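Just follow the structure's listing: the first ligand is 1, and inside any ligand the first atom is 1. Here the structure is a predicted model, which is why all the values come from computation and not from measurement.
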Amino acid sequence: MSKKQFKAESKKLLDLMIHSIYTHREIFLRELISNASDAIDKRYYAAMQRGETGVDKSQYVIRIEPDKAARTLTVTDNGCGMSASELEQNLGTIAKSGTMAFKQEHGEAEDIDIIGKFGVGFYAAFMVAKKVTVYSHKEGEQPAVWESSGEDGYTVRPCDYEPVGTRIVLELKDDGEEESYGEFLETYRLESLIKKYSDYIRYPIMMQVERSRKKEGSDEYETVVEDKTLNSRVPLWRKNKNEITKEEYAQFYRDMFRDYEDPASTLHINTEGMLSYTALLYIPKKPPFDFNTKDYKRGLRLYANGVMIMEHCEELLPEYFNFVQGLVDSPDLSLNISREMLQHDRQLSAIANNLKKKILQELLRMQREERAAYEDFFKAFGRTLKFGVYDQFGMNKEFLKDTLLFYSRKEDKLVTLKEYVDAMPEAQKDIYYAAGDTLAQVKKLPQAERVADKGFDILCLVEDVDEFALRILESYQEKPFKSVSDPDLDLNTEEEKKEMQEKAEAAKPLLERIKTALGDKVLDVRLTDRLKNAAACLSGEEGMSVEMYKVLRQMPNGANIPMTFHLDLNPDHPVYAKLGDLDDDTLKEYAELLLAQAKLVAGLPLDDPAAFAEAVCRLM
Ligand code: ADP
Ligand code: MG
C-alpha cells in the first residue's frame with residue numbers, strides 16, 4: 001500500500017503539531033471530542049431530515065478508552081462516520097474552516113501559544129500520538145481505515161469496522177525526560193480534562209472507571225469497574241448568568257466560533273413569557289478570514305430545546321448585523337422545522353426583532369462606555385453598518401444611523417453624527433463631507449478649503465459606500481448632508497454672491513471658448529466659488545462627486561457610466577486671469593493642462609499622460 005503525502009499546507013501545520021513543545025497539548029482531546037459531537041449532530045440531523053421520527057437520542061455516545069498495556073487512547077463515536085474518500089478529503093487536507101484561518105493568520109506560526117486558544121482540529125492528535133489510526137463506517141458505504149505516523153504521509157484502505165461511526169486510536173508518544181504522555185492514560189486526568197473543556201457537550205462522554213465500594217453484607221471493600229458519564233451536558237447558555245465567568249463565555253466563543261481572540265462583547269439574553277428563548281450573542285473583534293467572501297455564512301445557530309436544528313439560521317439576523325456570532329435556543333420550536341417554514345415562522349421573526357434591538361443597544365453602549373473598543377469594532381465592521389444604512393433603499397437608516405462613525409477633519413479622529421452636529425457653530429446649516437480614495441487625499445481636496453476656512457468641520461469619506469450611505473440618509477437632526485463638491489454650497493454673503501454673478505456674466509465668452517477647445521472631454525466649463533488655492537476642480541452631475549462615479553463604475557453594468565465631468569474654474573486664481581489674453585491654440589493647451597491637473601487631484605487617470613508631461617515641460 002503506497003503512502004499518500006499530505007498537502008503542503010497541511011504538512012506545515014502537522015509539523016507544528018508533531019514538534020510542538022507546547023504545554024497545552026492536552027487540548028487534543030477537546031478537538032477529538034468536538035469532532036465526535038459534530039459527527040453525531042450530523043447523523044441525528046440527517047435522520048430527522050429523512051423524516052425518521054422517534055430517533056432515539058439516548059443511543060448516541062462518545063466513548064473514551066485508555067489502555068495502559070497497549071499505550072493507546074481510543075475515542076469512539078457513533079456519529080455519521082466517513083467513507084474512504086471522505087477520510088482522504090477531511091483528514092488529508094486542512095481546507096477546513098478553523099484550521100485554515102489559523103494558517104492564514106499565522107503562516108509562520110512563531111506564536112505557538114495561540115494553539116491553546118484556538119481549535120486546531122484533528123491534527124492536534126499528533127501533539128501526543130506517534131501514530132493515529134481512524135476506523136470509520138458511514139451508513140451504506142464500505143468501512144475504511146486511515147492511518148498515519150505523521151510526516152511521512154498516510155494510507156487509506158478498506159476494513160471491516162462494523163458499527164456506524166468513527167473510532168480513533170492514538171498510539172501515544174514515548175515519555176521523555178521532561179515530558180510525559182502517559183498521563184493521558186490516567187482516568188482521573190482524562191476526567192478532569194473533559195470537565196475542563198468538554199463539559200457542555202450534549203452527548204454523554206463515557207469512560208470505564210474503577211470505584212471501590214463496600215461489599216454487600218461485609219465491611220470489606222472491593223473495586224468495581226463501571227461506566228461513568230464524565231460531562232454534565234448542560235450547555236453554557238442554559239446555566240445561570242451569574243454562575244458563568246467571563247473566561248467561560250470567552251472560551252465557549254473561541255471553541256464554537258473558531259476565533260483565537262476573545263469577543264469584543266458578549267450578550268446573554270434570557271426571555272420568558274409570550275416569547276421564550278435564550279440567546280448567547282457575541283460581537284467579534286475582527287472579521288473571520290472569509291468574512292468578505294461568498295463562503296461566509298451569516299446567521300445564528302438555532303436550537304430547539306438544546307438540540308441544534310440549524311447551523312446558520314439567517315432569519316435570526318439582519319444582513320447589517322451579519323458579523324454577530326451566536327445561538328438561539330427556544331423550547332417552542334419544532335425539531336423538524338424546515339427552512340421554508342422558518343422563513344414564515346412568526347415566533348422566529350419576533351425573536352429576530354428583539355435580538356436586533358438588543359444588538360443595537362449593545363453597540364451604542366460600547367460606543368458610549370468603551371469608545372476605543374468601539375472604534376476598533378467599527379474599523380472591522382463599520383462598512384457593514386454603512387452598507388446597512390444604504391441597502392434596501394435606506395429602509396433601516398433610522399435604526400442604524402447612530403452606530404456610524406466618520407473621520408472628522410477638524411477633530412482629527414472618528415466622530416458620530418451626533419457629535420458632529422453638537423459641535424456645529426451657529427452659522428453652519430449643513431453637514432459637510434468630502435470624499436476621496438485616502439484620508440490624505442480627502443484632507444487636501446481643493447474643494448474642502450473654503451468650507452474649512454469658515455470654521456466648519458468636514459467628514460472625510462474614504463470608503464466606497466460612505467457617500468451613498470450619507471446621500472440616502474439625506475440629513476441628520478434635520479441638518480442636510482452636503483458634499484463640498486456641490487456647486488451651490490451657499491457659503492457666501494449676499495455681496496459675494498452678487499460679485500460672483502457678475503464675474504460669471506463677464507466670463508461667459510471665455511468659458512465658451514474653453515468649452516469649444518476641450519470639446520466632449522468635459523460636460524461644461526463653469527466658474528466656482530468653492531476653491532481657494534487650486535485653479536480648477538471637477539464635479540459630476542447635480543453635485544455628485546467624482547468618487548461616486550468611481551464607485552458606480554465598479555458596479556455591474558457600471559462600465560457604461562461616462563467619466564466626463566464639469567470643469568470648475570477658480571476666478572480668483574492668477575492662472576485664470578491669464579486665460580483671457582491667450583490665442584486659441586495656447587488657450588487649448590492651457591485648458592487641457594487645467595483639466596489634467598484637476599483629474600490628477602481627483603485621483604483619475606489621464607487619457608494621455610505623455611502629452612501632459614510634454615506640455616508641462618514646454619511651459620517650464
Ligand atoms: P473542523 O472540525 O474544524 O472541520 P477538523 O480538523 O477537526 O476540522 O476535522 C476535519 C474534518 O474531518 C471535519 O470537518 C469532519 O468532516 C471530519 N471528521 C473529523 N472527525 C470526525 C469524526 N469523528 N466523525 C466524522 N467526521 C469527522
Ligand atoms: Mg474539529
So is A39 polar-close to ligand 1, meaning N/O to N/O under 3.5 Å? no
State, yes or no, whether a side-chain contact exists between R30 and I27 at a heavy-atom distance under 4.5 Å. yes
Atom indices of ligand 1 within 4.0 angstrom of L91 heavy atoms, with elements: 12 (O)
Given a cut-off of 2.8 Å, the protein N, O or S atoms lying below it from the Mg ion (ligand 2) are N35 OD1
How about K241: does its NZ atom have over 12 heavy atoms from other parts shown lying under 6.0 Å from it? yes
Apply side chain to side chain contact (heavy atoms under 4.5 Å, CB included) to A250 and list each qualifying residue two or more places apart in sequence or on a separate chain. E247, R254, D262, P263
When only distance counts, is E31 in polar contact with ligand 1, meaning an N/O pair under 3.5 Å? no
Answer yes or no: does an N/O atom from Y123 fall short of 3.5 Å to an N/O atom of ligand 1? no
Examine the side chains of Y154 and E88 and answer whether a donor and an acceptor come within less than 3.5 Å of each other. yes
Would you tell me whether Y277 and Q347 have side-chain atoms, one donor and one acceptor, within less than 3.5 Å of each other? no
Donor-acceptor pair between E147 and T133 side chains, under 3.5 angstrom: yes
Tell me the contacting part of K42 for ligand 1: side chain, backbone, both, or neither, using a 4.0 Å heavy-atom threshold, strictly below. side chain
Dump the intermediate steps for side-chain hydrogen bond (donor to acceptor under 3.5 Å, both in side chains) on E26 and Y197, then the final yes or no. CA-CA 10 Å; E26 61 188 32; Y197 293 113; 2.6 Å; yes
Could you tell me whether D38 and ligand 1 have an N or O pair separated by under 3.5 Å? no
Using a 3.5 Å cut-off and no angle test, enumerate the donor-acceptor pairs between side-chain atoms of residues 158-170 and protein atoms at least two apart in sequence or in another chain.
from: T166; atom 1: OG1; to: S136; atom 2: OG; distance (Å): 2.9
from: R167; atom 1: NH1; to: T76; atom 2: OG1; distance (Å): 3.2

Please work out whether any backbone atom (N, CA, C, O) or any side-chain heavy atom from C-beta onward of D77 is under 4.0 Å from ligand 1, and answer side chain, backbone, both or neither. side chain
Could you name the option among N90, T166, I168 that has the heavy atom nearest to atom 16 (O) of ligand 1? N90
Verify the distance criterion only: is there a donor paired with an acceptor across the side chains of Y203 and D77 at less than 3.5 Å? no
Once side chain to side chain contact (heavy atoms under 4.5 Å, CB included) is applied, do any residues pair with N231, and if so which ones, sequence neighbours excluded? I194, D199, I201, I205, T229, R233
Determine whether the aromatic ring centres of F381 and F291 lie less than 6.0 Å apart. yes
Selected option - heavy-atom contact closest to atom 20 (N) of ligand 1, from I40, V75, N78, N35: N35
Please identify which atoms of ligand 1 are closer than 4.0 Å to at least one heavy atom of M82. 17 (C), 18 (N), 21 (C), 25 (C), 26 (N), 27 (C)
